[in-house]
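These notes concern the structure reproduced below.
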Amino acid sequence: MAKLTMVEAINLALKQEMERDPSVVVLGEDVGKNGGVFRVTQGLYEQFGDARVADTPLSESAIVGVAIGMAVYGLRPVAEIQFEGFIYAAMEQLISHASRIRTRSRGRYYCPLVLRMPYGGGIRAPEHHSESNEALLVHTPGLKVVAPSTPYEAKGLLVSAIRDPDPVIFMEPKRVYRAIKEEVPEEEYSIPLGQSRIVTEGRDVTVISWGAMLQATLKAAALMGERGIRSEVIDLRSLSPLDDETIIESVKKTRRAVIVHEAPRTCGLGAELVARINEKALLYLEAPVERVTGFDTVMPLPKLEQHYLPNAERVVEAMDRVLNF
Amino acid sequence: MAKLTMVEAINLALKQEMERDPSVVVLGEDVGKNGGVFRVTQGLYEQFGDARVADTPLSESAIVGVAIGMAVYGLRPVAEIQFEGFIYAAMEQLISHASRIRTRSRGRYYCPLVLRMPYGGGIRAPEHHSESNEALLVHTPGLKVVAPSTPYEAKGLLVSAIRDPDPVIFMEPKRVYRAIKEEVPEEEYSIPLGQSRIVTEGRDVTVISWGAMLQATLKAAALMGERGIRSEVIDLRSLSPLDDETIIESVKKTRRAVIVHEAPRTCGLGAELVARINEKALLYLEAPVERVTGFDTVMPLPKLEQHYLPNAERVVEAMDRVLNF
Amino acid sequence: MPKRTIQSFQVEWLQVLDEHGNCDEELRPPLSDKEIQKLYEYMVLARILDEKSFKLQREGRLGTYASILGQEAAQVGSAFALQPSDWMFPSFREAGASVVRGLPLRMILQYWSGDERGSQIPEGQNDFPITIPVGTHIPIAAGAAWAAKMKGDNIAVMAYLGDGATSKGDFHEGLNFAGVFSLPVVFLCQNNQWAISVPLSRQTRSKTLAQKAIAYGFDGIQVDGNDVFAVYQAANEAVKRARSGGGPTLIECVTYRMGDHTTADDASRYRKEEDVQEWRKKDPIDRLKKYMAARGLWDEAYEQRVTAAAREQVEVAVTEEEAVPPPDPRDMFRYTFAELTDELKGQMEHFLGGDGRVRL
Amino acid sequence: MPKRTIQSFQVEWLQVLDEHGNCDEELRPPLSDKEIQKLYEYMVLARILDEKSFKLQREGRLGTYASILGQEAAQVGSAFALQPSDWMFPSFREAGASVVRGLPLRMILQYWSGDERGSQIPEGQNDFPITIPVGTHIPIAAGAAWAAKMKGDNIAVMAYLGDGATSKGDFHEGLNFAGVFSLPVVFLCQNNQWAISVPLSRQTRSKTLAQKAIAYGFDGIQVDGNDVFAVYQAANEAVKRARSGGGPTLIECVTYRMGDHTTADDASRYRKEEDVQEWRKKDPIDRLKKYMAARGLWDEAYEQRVTAAAREQVEVAVTEEEAVPPPDPRDMFRYTFAELTDELKGQMEHFLGGDGRVRL
Ligand SMILES: Cc1ncc(C[n+]2csc(CCOP(=O)(O)OP(=O)(O)O)c2C)c(N)n1
Ligand SMILES: Cc1ncc(C[n+]2csc(CCOP(=O)(O)OP(=O)(O)O)c2C)c(N)n1
Ligand SMILES: [Mg+2]
Ligand SMILES: [Mg+2]
């Protein structure tokens with residue numbers, strides 16, 4: 001089996017889904033000849049042509065709006081927002097239309113749209129190129145939100161996202177894009193949406209993260225492992241809907257939890273996870289659930305970004321706190 | 001002292017601040033001759049003229065963008081978004097500029113902008129006219145978010161918002177606009193931002209809400225009072241930043257908490273409050289904090305809205321649950 | 001070395017039937033007498049439905065309603081150019097166009113009564129539900145047109161919008177996409193001079209809305225929006241051009257919002273009755289009536305028949321609508337996704353009283 | 001009854017200095033010899049700074065950088081028309097304009113090195129920081145212009161944007177506001193034919209970008225963007241018109257992005273070297289040099305002096321920038337609001353190791 005980067009795995013998923021289903025089309029800025037600024041769509045233009053791999057004008061709101069129209073008409077558009085920091089212009093289309101065409105029309109119309117976007121920091125990018133805004137999307141009823149953490153995961157989840165009959169936001173941790181390689185089957189497989197994944201089993205503490213933060217989390221778990229602490233690391237995968245069962249079962253077992261995300265702390269997805277643990281497993285908790293997150297400040301430019309982003313050290317400290325509460 | 005509705009109280013605050021400070025200007029759709037679709041700006045056009053009370057084109061993104069430019073140039077714009085459901089188009093201006101001009105320019109520029117918007121359901125309005133999207137704004141570093149609950153509160157908080165050197169989103173619970181009258185001093189007063197308010201003191205359970213939900217909460221507290229339960233009702237007032245001290249002190253005292261908001265449940269502001277209580281008062285809790293919220297569905301059209309919105313009955317049930325856990 | 005003109009543009013104005021019912025037969029679209037009567041009948045039906053809706057709202061039997069009074073020609077003339085296979089994207093003030101499209105009148109009322117089922121467009125009818133956030137359906141319409149083009153479907157998409165909508169970013173982005181990809185879409189702008197209380201002069205400094213098409217490299221035309229022939233003529237040309245690969249068109253119908261913005265509005269706060277009076281003389285139904293009378297296509301007996309039939313249709317719709325049982329609150333949850341997620345199932349069960357409470 | 005033309009529009013093209021250095025003296029703006037030399041010196045300085053920035057990036061001494069190569073005339077010519085009291089809103093590719101505005105070169109480097117202090121524009125200099133989200137500064141610039149107008153300040157605002165930016169909703173909304181309120185703002189569009197890999201033909205179907213002004217009811221003009229005289233002339237007229245209450249102008253400078261989009265891009269993936277070659281002949285610096293040489297304003301000794309001085313200035317800036325101590329991480333928190341909130345104080349203390357950990 002070939003070892004692929006996440007960029008290659010996503011590319012493969014796109015290629016195979018386009019081969020399988022002629023209604024799958026790709027659109028966005030620079031997705032054509034250029035193959036995407038991260039090369040995620042490389043080769044698709046050559047293989048499928050201009051009609052199915054379309055460079056668009058620089059219009060985030062219309063990229064999403066037009067994709068909604070395509071989806072409603074019967075296509076399966078996979079639209080790209082070049083960086084997560086440029087999605088705000090498309091919020092009206094996402095919140096006011098994509099997420100609610102099905103319910104507004106009581107099922108007459110629906111919107112099988114995938115919106116891919118690289119997200120997160122750590123690659124020394126300019127302003128707005130390093131944000132982690134999943135909470136805005138998770139708070140929007142009617143959207144599904146997925147964040148793969150590894151190449152294998154990315155391929156399997158994207159296949160499910162494309163085949164899903166509802167809008168899926170597919171958040172790609174750009175820091176992972178080329179950071180790790182993994183065996184990724186050429187053959188078709190899919191990973192169902194809505195399910196989290198236990199990466200390492202353990203009984204002492206549950207650590208929940210997703211996307212690029214999984215790497216820091218695993219590193220922290222390994223460091224703690226050297227000290228005899230057995231962490232149960234959960235890759236959230238599906239940010240909306242949430243997989244309460246996996247999370248709650250784990251916390252009931254370990255009685256301690258740490259949540260790790262890049263986004264600002266206040267009203268981040270971490271808060272929701274704490275709230276659910278509080279609701280469903282309060283009496284099991286031996287310590288307050290800890291959140292290791294970005295600060296409630298603007299994500300800084302590269303010279304300060306390493307201070308902003310959670311890292312293994314900060315995760316270890318939080319694990320220590322829940323263990324020694 | 002005159003008894004005023006919230007509409008009248010806000011109108012009075014605007015009028016007095018415009019009289020006090022010539023740099024205060026009002027802009028938005030229909031704010032001029034028409035006096036605003038809710039009459040909040042009534043009379044201002046006549047008093048201050050077209051130059052300071054400007055009807056704008058139908059362009060939410062530019063209303064905010066232009067107001068940012070005005071603020072940066074040295075004015076104190078008070079912009080109106082006609083209904084909260086139309087703010088999404090302005091998210092890019094809010095998140096990518098208003099909230100971060102100060103930090104981006106390391107203090108050289110800043111943005112003393114107030115963005116007023118009616119929010120929330122319960123008035124049988126069309127789609128998008130009944131949303132409660134405070135969590136999106138609270139999750140954005142660099143914005144302050146305020147939601148008054150009564151006429152008196154509205155006047156005092158708006159004065160502070162206008163005088164604040166940073167962008168403040170002023171969320172007006174439209175259901176309260178004319179629902180209650182209250183004595184509101186003609187004289188100048190202000191209520192500092194960042195502080196919550198204990199509405200009724202009590203020792204048995206803390207109930208936190210804001211905006212229009214305060215009415216349902218108080219009704220529930222009264223019903224529980226008949227059963228001898230003494231509720232400590234907190235009007236959150238400042239949604240960002242949060243007043244942890246007031247909340248945590250109260251929960252430490254009552255050991256039980258219920259949070260009430262209209263917004264969808266997942267990643268709503270309620271989750272953040274639960275997370276903070278978890279972090280700072282876990283060991284005090286006798287029961288999981290309960291959230292009484294909108295559902296994770298689109299806010300329905302009028303025929304179903306009463307099923308969506310939290311009411312006193314649902315608050316009472318949640319209070320019962322935390323009391324009988 | 002040059003300072004020279006490199007581009008020139010013209011904006012044209014089309015009127016076929018003036019306010020006195022005089023018709024330029026050369027410009028008149030080749031409609032049969034039957035079709036002309038059909039146009040008339042649709043306009044009458046639209047107006048009677050509109051009057052009834054307004055009354056129902058005042059009686060508390062309908063929610064906020066947006067009247068189309070005065071805009072019947074713009075709506076009926078344009079929708080009349082569409083085939084059932086074409087797609088139609090209304091804004092929120094298109095009861096007249098929806099009538100032509102054949103949307104059950106009951107559903108129009110149901111929508112304004114605050115019931116999502118009014119937007120459950122019948123299978124096979126290619127109409128989008130009403131869009132409330134102004135202008136945001138424009139890129140969606142462009143996207144549907146793009147999909148049609150990709151699939152090789154020989155159809156046109158028509159998107160309705162108001163003068164206010166031309167100020168929204170989505171108007172710009174949508175029309176720009178339509179231009180770049182030469183999409184089969186017609187943007188039908190009803191310039192009724194007002195966006196609630198904001199007059200056209202506060203919406204744009206451009207003399208016409210039609211000229212905005214120049215920015216996107218395709219044609220815009222301004223027509224007398226109270227002249228059903230002119231509207232039909234322009235729409236029909238544009239729709240045909242779209243279907244045959246000629247790309248998009250922007251049509252500005254100059255008309256007037258005779259009523260309040262909605263039943264929640266009071267236009268007397270911001271405009272003079274005289275201005276409205278001026279436009280009463282230009283009524284779209286009157287002028288067609290005059291023309292038809294002169295041509296022998298209209299007489300009192302016909303008028304009676306037409307209005308009686310329309311009244312009957314509307315009354316039936318009202319009765320039907322009011323007989324519909326209230327929506328099932330479970331619908332809030334059911335249609336969020338194709339399948340109810342566990343989370344929503346939980347919330348619905350909680351709502352239904354899973355822990356002992358019954359709410360239904 | 002009419003189908004008649006009701007509006008006509010022209011778009012003009014202005015070129016003063018052709019690529020061979022031939023000048024139309026009648027059209028030439030009345031600049032003194034000194035001023036002409038100043039224009040030249042700014043362009044040379046801009047280019048040398050640009051080359052240096054590119055090199056520093058390649059050496060790992062600077063972050064992602066967006067080259068202005070080829071666009072010197074468009075930037076220098078336009079910024080030269082501004083007074084210090086005027087306001088300037090750059091996009092992200094305006095190092096040339098910033099040089100003219102007097103932004104310390106050190107700060108330009110500092111910004112691209114990933115340090116917010118590069119955006120801490122010196123007090124008294126009315127330049128906005130770089131805006132990364134394309135086109136979003138346009139309504140902000142309009143707002144500043146509106147504020148200036150309200151305050152009676154006799155200034156103009158200039159907002160820079162690219163061809164790609166014309167597709168954004170904010171372009172539309174911002175220009176529309178500027179038209180409606182007749183604001184003192186100049187929109188200076190550098191049409192460099194590309195938005196990363198997307199060519200102009202995918203950005204719009206309109207033949208020019210200048211014609212987009214027609215949609216907003218004000219003037220647009222297309223100029224040879226590699227002709228510093230034409231750019232200056234158009235900018236100067238527009239800025240004066242703005243200051244004197246004549247409202248906004250859109251200027252399209254036709255130019256070419258000679259380099260990659262940024263140092264993170266590889267343009268050979270999507271465009272042919274031949275196309276770039278064509279534009280090399282139109283180099284803005286060469287043609288001014290030829291003109292100046294013919295007028296006796298340029299010789300080798302002058303060239304040596306000018307480049308040496310520019311090199312020196314740039315080297316000093318690099319040294320200065322690299323000597324700046326790294327930013328204090330506390331700055332992340334400090335500038336979020338005027339006053340640190342309790343919440344942020346807590347987060348900062350936690351970050352600083354309030355519980356025993358030291359991170360600085
Ligand atoms: C994005 C958005 N902003 C504001 C509103 C509130 N609103 C409803 S209709 C309207 C005016 C629309 O004017 P126009 O486009 O001319 O349509 P008309 O009402 O004249 O049919 C406004 C401001 C809205 N629905 N959507
Ligand atoms: C809203 C937004 N979308 C996407 C990007 C990524 N991006 C950066 S520059 C650019 C192209 C800009 O083209 P143009 O406006 O012509 O300016 P130029 O780069 O040619 O100077 C893109 C797509 C961005 N910065 N902002
Ligand atoms: Mg209108
Ligand atoms: Mg460009």
Side-chain angles (χ1 to χ4, degrees), chain B residues 22-23 25 27 51-52 54-75 77 79 89-90 92-93 95-113 141-144 164-167 193-194 240-245 276, chain D residues 87 89 115-123 125-133 135-151 153 157 159 168-170 172-181 183 185 327 331-339 341-344 346:
Chain B
S23 70
V25 297
L27 68 156
R52 289 183 66 197
D55 278 332
T56 64
L58 207 169
S59 313
E60 279 76 12
S61 184
I63 289 172
V64 175
V66 159
I68 293 170
M70 290 174 152
V72 162
Y73 196 89
L75 298 183
E92 183 158 42
Q93 287 295 337
I95 300 181
S96 299
H97 292 296
S99 74
R100 49 172 97 190
I101 279 175
R102 184 186 289 277
T103 197
R104 175 188 299 143
S105 68
R106 288 300 187 244
R108 165 63 207 278
Y109 293 110
Y110 58 99
C111 187
L113 152 72
L143 297 180
K144 297 185 181 177
D164 197 89
D166 288 303
L193 306 186
S240 182
L242 287 168
D243 178 2
D244 283 10
E245 206 179 307
R276 295 197 182 197
Chain D
W87 280 54
F89 285 73
D115 184 341
E116 281 85 354
R117 290 171 299 175
S119 292
Q120 196 177 30
I121 313 297
E123 212 44 64
Q125 178 161 350
N126 297 324
D127 294 9
F128 210 62
I130 279 177
T131 286
I132 292 289
T136 55
H137 57 306
I138 296 172
I140 303 180
W146 198 0
K149 183 174 171 169
M150 283 180 183
K151 289 190 155 194
D153 293 350
V157 173
K168 277 286 273 189
D170 275 351
H172 178 68
E173 297 195 3
L175 268 72
N176 191 47
F177 258 74
V180 167
F181 297 103
L183 303 178
V185 53
D331 286 357
M332 280 197 294
F333 301 95
R334 275 179 188 145
Y335 294 102
T336 305
F337 297 107
E339 271 184 69
T341 59
D342 285 348
E343 203 162 311
L344 284 174

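Sequence lines set the chain letters: A, B, ... in the order given, protein chains first and strands last, and positions in each chain run from 1. Computed from a prediction, not measured in an experiment: that's the story for all the values here.
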SG on Cys111(B) to CD1 on Ile140(D), rounded to 0.5 Å: 8.0 Å
Proximity breakdown for Val64(B) and chain D, heavy-atom pairs closer than 4.5 Å: neither
Proximal component of Thr336(D), with respect to chain B [non-hydrogen, under 4.5 Å]: both
Glu116(D) and its salt bridge (Lys or Arg N to Asp or Glu O under 4.0 Å) partner, picked from Arg108(B), Arg106(B), Arg104(B): Arg106(B)
Greatest number of heavy atom pairs closer than 4.5 Å to chain D - which of Pro22(B), Gly107(B), Gly194(B), Ala62(B): Ala62(B)
Main-chain N/O of Asp243(B) paired with Asp342(D) side-chain donor or acceptor, under 3.5 Å: no
Options Val25(B), Asp164(B), Leu143(B), ranked by heavy-atom pairs under 4.5 Å with chain D, top entry: Leu143(B)
Interface moiety of Ile132(D) toward chain B, non-hydrogen atoms closer than 4.5 Å: neither
Residue part contacting chain D, namely of Pro241(B), when any heavy atom lies under 4.5 Å: both
Part of Tyr109(B) within contact of chain D (heavy atom distance under 4.5 Å): side chain
Contact origin within Ile101(B) toward chain D - heavy atom pairs under 4.5 Å: side chain
Heavy-atom closest pair, residues Asp166(B) and Ala338(D): OD2-N, 2.7 Å
Under 4.5 Å from any heavy atom of chain B - which part of Lys151(D): side chain
Contact origin within Ser61(B) toward chain D - heavy atom pairs under 4.5 Å: both
Proximity breakdown for Ala67(B) and chain D, heavy-atom pairs closer than 4.5 Å: neither
Minimum heavy-atom distance between Val180(D) and Pro57(B), given as atom pair plus value: CG2-CG, 4.1 Å
Toward chain B, the part of Asp127(D) with a non-hydrogen atom under 4.5 Å: backbone
Trp146(D) side chain near Leu27(B) side chain, heavy-atom distance below 4.5 Å: yes
Part of Ser23(B) lying under 4.5 Å from any heavy atom of chain D: neither
Glu173(D) and Ile63(B), any side-chain heavy atoms less than 4.5 Å apart: no
Cation-aromatic face contact Lys144(B)/Phe337(D), 6.0 Å, 45 degrees: yes
Between Gly118(D), Pro129(D), Gly143(D), the one whose heavy-atom pairs under 4.5 Å with chain B are most numerous: Gly143(D)
Side chain, backbone, both or neither of Glu343(D) within contact of chain B (heavy atoms, under 4.5 Å): side chain
Closest approach of Asp331(D) to Thr103(B) (non-hydrogen atoms, all atoms of both residues): O-OG1, 4.3 Å
Tyr73(B) side chain near Asp153(D) side chain, heavy-atom distance below 4.5 Å: yes
Sub-4.5 Å side-chain heavy-atom contact between Pro141(B) and Phe333(D): no
Residue selection (most heavy-atom pairs with chain B, distance under 4.5 Å) from Gln125(D), Arg334(D), Arg117(D): Gln125(D)
Pair listing, salt bridge (charged side-chain N to carboxylate O under 4.0 Å, His left out) test, anchored in residues 55-65 of chain B, at least two apart: Glu60(B)-Lys168(C)
Summary of side chain to side chain donor-acceptor pair (under 3.5 Å) pairs that have at least one residue in residues 136-145 of chain D, sequence neighbours excluded: His97(B)-Thr136(D)
Heavy-atom proximity to chain B below 4.5 Å, by part of Ala141(D): neither
Side chain proximity check, Val72(B) to Trp87(D), heavy atoms < 4.5 angstrom: yes
Distance, nearest 0.5 Å, that separates CZ of Phe128(D) from OG of Ser105(B): 7.5 Å
Selection from Ala148(D), Pro122(D), Pro133(D) maximising heavy-atom pairs under 4.5 Å formed with chain B: Ala148(D)
